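Please read the structure below before turning to the comments.
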Number of protein chains: 2
Amino acid sequence: MDVTEPATRARRSDATRAAILRAARERFATDGYDRATIRAIAADARIDPSMVMRYYGSKEGLFAAAAEFDLRLPDLAEVPPDRLGETLTRHFVRRWEADGTLVALLRAAATNPGAAERMRGVFADQLAAAVARSVAEPATAARRAGLVASQILGLALTRYVVRLPPVVDLDPEELTAWVGPTIQRYLTQPLPPSHASGG
Amino acid sequence: MDVTEPATRARRSDATRAAILRAARERFATDGYDRATIRAIAADARIDPSMVMRYYGSKEGLFAAAAEFDLRLPDLAEVPPDRLGETLTRHFVRRWEADGTLVALLRAAATNPGAAERMRGVFADQLAAAVARSVAEPATAARRAGLVASQILGLALTRYVVRLPPVVDLDPEELTAWVGPTIQRYLTQPLPPSHASGG
DNA sequence: ACTGTAGGCCAACACGTGTTGACATCGCCT
DNA sequence: AGGCGATGTCAACACGTGTTGGCCTACAGT
């Protein structure tokens with residue numbers, strides 16, 4: 001019974017598991033949750049649909065595994081304060097240009113409550129946490145992170161999902177030049193004169 | 001055969017037609033295209049599913065009718081140039097706070113190609129046209145309209161679809177104070193120093 | 001009162017879906 | 001070699017979907 005790695009033992013099926021996950025990410029990204037069928041995913045992975053069930057339990061379970069997403073945000077405390085917007089914008093564009101998982105999550109979040117919940121989690125946990133490290137008054141961090149999310153997700157939506165031509169045509173550097181200052185302002189601008197001051 | 005109004009004659013079924021459309025808009029807005037079933041829409045309208053088919057031909061046809069959307073943008077040529085962002089932002093928030101059609105279109109556009117096409121149409125025709133009337137160099141109007149769309153749709157996405165708490169919590173005036181300047185900048189800021197100048 | 005037509009309902013079809021269980025096969029361990 | 005769990009395949013189930021055609025009912029025109 002005493003093997004060297006009882007838990008981390010490399011299983012023979014790992015390749016299959018990975019193939020399923022890869023196919024699932026692609027399908028979810030292009031078709032959304034509902035239209036992405038287990039049969040299609042299984043066909044892409046050259047595997048029987050029942051294997052998907054065996055390894056991931058259900059379609060929901062498969063999606064949960066496929067939509068695990070790490071924004072890989074840099075430590076904003078180490079970024080020069082006047083380059084926060086530029087840095088963050090460039091990072092996001094690079095990140096989802098290389099990995100379709102976020103687009104899959106975005107497409108699914110439009111109709112699937114669980115996906116929307118996960119989307120909230122990604123931005124609440126990762127983005128808000130990163131923003132908190134770069135903001136003067138911690139009380140405003142959540143609000144600022146929300147505004148940043150609205151612009152960043154709007155960019156992803158118009159560029160990769162709706163595919164608005166003028167947004168698709170901008171190259172990453174132009175994109176950064178235009179929306180970088182927006183992000184910068186959301187992060188560093190003092191609170192607007194509030195009529196009904198909150199916290 | 002010569003009635004007074006041959007085409008505009010009020011049919012007895014108009015109430016039913018309207019009820020179907022109203023129910024369809026609600027269902028599409030909350031559930032998205034795929035999860036909104038004809039049976040559910042018909043039940044909401046207290047009507048038989050087959051009536052939906054008779055009046056709108058197919059589910060696609062029903063959606064096309066339900067997703068007809070007019071942004072009702074003001075004439076931006078009559079708005080003081082330094083209040084464009086504020087005006088536009090406030091208008092959008094009011095507009096979709098009162099009418100869920102745009103949210104229905106947004107949810108559907110995430111997975112349905114036809115809906116995405118229509119979304120592109122709405123913003124290309126209506127927004128770009130309005131923006132063109134307020135911008136100095138007409139050549140940049142499409143790009144500026146695209147950037148405006150990215151922030152405006154991002155706001156709608158995070159506030160009404162994903163429901164990110166910090167964005168949901170902002171009241172319309174705070175929202176205007178924060179994102180108004182962003183829109184203003186996209187509309188009036190000179191082009192950023194372009195490294196590879198396009199058109 | 002009779003008829004034609006529009007409005008409405010019911011039952012069913014054909015299809016694709018997620019999911020399940022029974023059966024075959026591979027490869028490691030003793 | 002023999003046994004046994006992990007891998008994988010096949011066929012089917014139960015269900016919900018969009019869609020269709022037949023039938024009943026109420027009302028307008030004569």
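These numbers were taken from a predicted model, which means no experiment stands behind them. Just so it is clear: chains get the letters A, B, ... in the order the sequence lines come, proteins before strands, and each one is counted from 1.
Within the 4.0 Å cut-off from OP1 or OP2 of D:dG16, not a single side-chain nitrogen or oxygen of B:T37 is found.
Closest-nucleotide positions on DNA chain C for B:D48 and A:K59 were compared, and the one nearer the 5' end corresponds to B:D48.
When rounded to the nearest whole Å, the span between CG of B:D34 and C1' of D:dG18 equals 12 Å. Between B:F63 atom CZ and D:dG18 atom C1' the separation is 17 Å, expressed in whole Å. Straight-line distance from the CZ atom of B:R35 to the C1' atom of D:dG16: 13 Å, rounded to whole Å. As a whole-Å value, the separation of B:R39 CZ from C:dC9 P is 15 Å. Atom CD1 in B:I38 sits roughly 12 Å away from atom C1' in D:dT20 (whole-Å rounding). In this structure, B:M53 places its CE atom 18 Å from P of C:dC10, rounding to the nearest Å. In this structure, A:Y55 places its OH atom 8 Å from C1' of D:dG8, rounding to the nearest Å. Per the geometry, CE belonging to B:M51 stands 14 Å off C1' belonging to D:dT19, to the nearest Å.
Counting heavy atoms from C-beta outward, A:T89 and A:L175 have side chains that stay 4.5 Å or more apart.
Here B:S50 lies in heavy-atom contact (under 4.0 Å) with a base. Counting non-hydrogen atoms under 4.0 angstrom, A:Y56 reaches nothing in the nucleic acid. Across all strands shown, B:S58 has heavy atoms under 4.0 Å from sugar-phosphate atoms exclusively, and none from any base.
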- Residues B:E137, B:R144; criterion side-chain contact (heavy atoms from CB on, under 4.5 Å); working and verdict: CA-CA 11 Å; B:E137 325 93 310; B:R144 293 178 191 277; 4.0 Å; yes

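With hydrogens and angles left out, the side chain of A:R54 and the base of D:dG8 share a donor-acceptor pair within 3.5 Å.
Classification of the B:F92-B:F123 ring pair by plane angle, with boundaries at 30° and 60°, yields parallel.
A salt bridge does not link B:E26 to B:R22: none of the charged nitrogens lies less than 4.0 Å from a carboxylate oxygen.
No side-chain donor-acceptor contact under 3.5 Å links A:Q151 to the backbone of B:V179.
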